[in-house]
Amino acid sequence: MLAGDIHADGGKSVMAGMLAGKAALITGGANGIGRATALLFAEEGARVAAADLNLEGAEETAAMIREAGGEAIALSVEVSDAGQVEAMADATVEAFGRIDCAFNNAGIAPVNVGNNAKRTHNWSEEGFDRMIEVNLKGVWLCMKSEIGRMLETGGGAIVNTSSIAGLAGLPTSSGYVAAKHGVSGLTRTAGIEYATDNIRVNAVCPGFIATDMTREVMSRRGNELMALVPARRMGEAREIAEMVCWLCSDRSGFVTGATYNVDGGYMAS
Ligand code: NAP
């Protein structure tokens with residue numbers, strides 16, 4: 001059924017969800033943007049696999065979906081480990097038969113690799129490597145596992161989480177910026193490569209969003225950063241989820257290889 005179809009339900013006309021009947025895989029599904037997206041996907045009719053390093057959090061997300069009447073499973077994954085990513089994709093296919101939508105969203109911030117508030121020359125090599133491993137290689141590994149399965153089942157839609165840091169420089173975030181620019185490039189390239197295979201690949205570029213990830217930087221530089229945002233506020237995780245949902249739905253059927261800012265106007269100023 002196409003999203004937006006109207007069907008009869010006991011005499012009443014109801015709108016089918018935007019993702020009705022689709023099977024979705026979401027990394028970073030335990031928290032923040034990933035959890036908000038998992039919940040919205042389920043509201044819109046998708047069956048959801050919430051995968052995360054934090055299995056307990058992913059289980060909580062899946063339980064929230066089931067309590068609301070949806071269908072969900074929780075999976076444990078370290079996205080920088082090829083074997084674990086393959087196992088995650090296998091488990092999703094085992095549960096739902098296919099992967100129609102994938103949101104490659106798990107990620108870490110400079111503070112998670114001990115490199116917050118450091119200019120480029122002060123970043124540690126170890127921290128830089130870990131940043132690239134999770135935020136860039138992790139996305140590539142997920143795409144690799146998902147695309148193979150999508151090719152087998154006739155197509156799908158992938159959304160990668162890039163950032164405003166995937167489009168512009170961001171002082172004291174060099175490893176993060178490098179990884180996110182890489183995600184934007186991977187997205188454009190795969191968008192071209194699979195355009196005739198019915199696989200669309202896009203990226204969402206969030207601005208400053210109120211999640212655990214931004215707590216530390218907001219406590220240090222909140223006022224300074226909000227002065228750079230035309231909307232003069234942080235975004236909500238749900239506001240990113242709305243874009244991801246549209247990009248994964250059939251309503252964006254001609255959209256591929258694109259990056260979409262959801263940033264309160266940050267990139268426009
Ligand atoms: P979050 O609340 O910290 O959620 C990130 C989730 O990813 C956490 O549950 C985390 O688990 C998980 N994760 C971290 N490393 C992982 C790994 N190696 N394998 C599997 N899972 C892993 O952060 P968020 O703000 O929702 O961020 C989600 C994505 O949005 C990230 O890619 C981030 O770079 C991007 N983004 C965020 C913002 C923002 O302002 N918040 C802006 C632009 C882009 P643990 O908690 O166990 O580490």
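Counting starts at 1 for both ligands and their atoms, in listed order.
Between N104 and T27, the side chains place no donor N or O within less than 3.5 Å of an acceptor N or O (distance only, hydrogens not considered).
In terms of N/O distances under 3.5 Å, ligand 1 is approached by K180. Considering both main-chain and side-chain atoms, G28 never comes within under 3.5 Å of ligand 1 through any nitrogen or oxygen pair. Of the polar atoms of L53, at least one N or O is found under 3.5 Å from an N or O of ligand 1, judged by distance alone. Looking at ligand 1, you'll find an N or O of Y176 within less than 3.5 Å of one of its N or O atoms. Considering both main-chain and side-chain atoms, A30 never comes within under 3.5 Å of ligand 1 through any nitrogen or oxygen pair.
In this structure, atom 18 (N) of ligand 1 lies nearest to the protein heavy atom E78 OE2, 2.9 Å. In this structure, atom 20 (C) of ligand 1 lies nearest to the protein heavy atom V77 O, 3.1 Å. Scanning all protein heavy atoms for the shortest distance to atom 4 (O) of ligand 1 gives N31 CB, 3.8 Å. The protein non-hydrogen atom at the shortest distance from atom 40 (O) of ligand 1 is I209 N, 2.8 Å. Among all protein heavy atoms, the one lying closest to atom 19 (N) of ligand 1 is V79 N, 3.1 Å. What sits closest to atom 23 (O) of ligand 1 on the protein, heavy atoms only, is M213 CB, 3.5 Å.
At least one heavy atom of S162 sits less than 4.0 Å from an atom of ligand 1. Contact between G207 and ligand 1 is present, with at least one heavy atom of the residue lying under 4.0 Å from the ligand.
Contact check on E193 versus R188 returns no salt bridge, with no Lys/Arg side-chain nitrogen under 4.0 Å from an Asp/Glu carboxylate oxygen. E43 and R238 are joined by a salt bridge, as a carboxylate oxygen and a charged side-chain nitrogen come within less than 4.0 angstrom of each other. In this structure, R130 pairs ionically with E133, as a charged nitrogen and a carboxylate oxygen lie closer than 4.0 Å. Comment: K22 engages D250 in a salt bridge, judged by a side-chain N to carboxylate O separation of less than 4.0 angstrom.
At least one protein heavy atom sits closer than 4.0 Å to atom 9 (O) of ligand 1. Distances from atom 48 (O) of ligand 1 to the protein include no heavy-atom value under 4.0 Å.
Partner of I158 under the side-chain contact (heavy atoms from CB on, under 4.5 Å) criterion, out of V201, N202, L247: V201 alone. Across R215, R221, M213, a single residue satisfies side-chain contact (heavy atoms from CB on, under 4.5 Å) together with V217, and that is R221.
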R35 and T61: side chain to side chain donor-acceptor pair (under 3.5 Å), yes or no, with the steps?
CA-CA 6 Å; R35 171 175 284 178; T61 301; 2.8 Å; yes
F128 and V113: side-chain contact (heavy atoms from CB on, under 4.5 Å), yes or no, with the steps?
CA-CA 8 Å; F128 188 90; V113 294; over 6 Å; no
Apply side-chain contact (heavy atoms from CB on, under 4.5 Å) to the pair E236 and I209, showing each step before the final yes or no.
CA-CA 6 Å; E236 298 296 329; I209 309 302; 5.8 Å; no
Show the numbers, then the answer: is there a side chain to side chain donor-acceptor pair (under 3.5 Å) between N31 and D52?
CA-CA 9 Å; N31 211 348; D52 205 290; over 6 Å; no
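At least one side-chain heavy atom of Q84 sits under 4.5 Å from a side-chain heavy atom of E78. Two residues are said to be in side-chain contact when any heavy atoms from C-beta on lie closer than 4.5 Å; T92 and F96 meet this criterion.
When the heavy-atom distances from atom 15 (N) of ligand 1 to N54, I108, I33 are ranked, the shortest goes to I108. For atom 12 (C) of ligand 1, the nearest non-hydrogen atom from the set D52, V134, N135 belongs to D52.
For ligand 1, the atoms closer than 4.0 angstrom to any heavy atom of N105 are 28 (C), 29 (C), 30 (O), 31 (C), 32 (O). Near G107, the atoms of ligand 1 lying under 4.0 angstrom from a non-hydrogen atom of the residue are 5 (C), 7 (O), 14 (C), 31 (C), 32 (O). Atom numbering of ligand 1 starts at 1 in the shown order; those under 4.0 Å from a heavy atom of T161 are 29 (C), 30 (O), 32 (O), 35 (C). Atom numbering of ligand 1 starts at 1 in the shown order; those under 4.0 Å from a heavy atom of F208 are 40 (O). Numbered from 1 in the order shown, with element, the atoms of ligand 1 that lie under 4.0 Å from a heavy atom of G32 read 2 (O), 26 (O). The T214 neighbourhood of ligand 1 comprises atoms 39 (C), 40 (O), 41 (N), with distances under 4.0 Å to a heavy atom of that residue.
Counting heavy atoms closer than 4.0 Å to ligand 1, residue T211 contributes side-chain atoms (C-beta onward) but none from N, CA, C or O.
Looking at R200, its side chain never comes within 3.5 Å of a backbone N or O of T256 through a donor-acceptor pair.
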